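Shown next, in structure tokens, is the structure this report addresses.
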Amino acid sequence: MFRKTLYAAVASLGVLSPLAVAAPAEAHEYHRYHHREYHVYYRACGRDPWRCAGEFSRFDRARCVVDEYRARGYEAYLR
């Protein structure tokens with residue numbers, strides 16, 4: 001008797017398993033930030049070549065370095 005009940009339960013699970021609904025996946029939006037480097041260039045006068053002062057991953061830090069070079073009398077720009 002127990003064996004018949006067990007077989008019936010296993011058979012019913014096998015028949016009903018394709019009807020089982022999967023749990024809905026939660027959609028998360030992932031923001032991809034592009035890695036960008038800012039290059040700071042400077043020169044003492046118009047005849048000198050441009051020299052790279054460095055590469056910075058943060059815009060505010062690169063802008064600060066440009067301001068420091070300009071305060072010292074250099075031509076400087078951010079690219």
Side-chain angles (χ1 to χ4, degrees):
M1 176 94 177
F2 178 73
R3 193 178 325 163
K4 288 183 181 181
T5 307
L6 183 62
Y7 287 146
V10 170
S12 65
L13 288 176
V15 170
L16 296 176
S17 64
L19 301 176
V21 178
E26 293 190 26
H28 293 287
E29 289 188 28
Y30 292 101
H31 299 284
R32 287 189 97 182
Y33 295 103
H34 297 286
H35 180 70
R36 178 158 183 196
E37 291 186 351
Y38 300 95
H39 300 269
V40 174
Y41 294 95
Y42 72 96
R43 65 181 179 183
C45 67
R47 294 184 311 267
D48 289 344
W50 288 100
R51 295 190 175 119
C52 183
E55 299 175 359
F56 302 92
S57 59
R58 292 180 39 205
F59 177 79
D60 57 341
R61 178 63 186 136
R63 188 73 203 160
C64 183
V65 171
V66 167
D67 292 340
E68 289 174 9
Y69 273 100
R70 287 182 180 163
R72 294 182 202 158
Y74 292 98
E75 291 181 62
Y77 75 94
L78 176 63
R79 182 168 232 205

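Note that the coordinates shown come from a computational prediction; the quantities given were computed from them, not determined experimentally. Worth knowing before you read on, the calculation uses all heavy atoms, side chains too, and leaves out hydrogens, waters and symmetry mates.
A side-chain contact (heavy atoms from CB on, under 4.5 Å) with Phe56 is found for exactly one of His39, Arg36, Arg63, Arg61, namely Arg61.
Although no hydrogens or angles enter the test, the distance criterion places a donor-acceptor pair under 3.5 Å between the side chain of Arg70 and the main chain of Ala76.
The cationic group of Arg72 lies under 6.0 Å from the six-membered ring centre of Tyr69 and within 45° of the ring axis, placing it in a cation-pi geometry.
The aromatic ring centroids of Tyr38 and Phe59 lie less than 6.0 Å from each other.
No chain of hydrophobic side-chain contacts below 4.5 Å, direct or via other Ile, Leu, Val, Met, Phe, Trp or Tyr residues, connects Tyr41 to Tyr74.
Looking at heavy atoms from C-beta onward, Tyr77 lies out of side-chain contact with Tyr42 at the 4.5 angstrom threshold.
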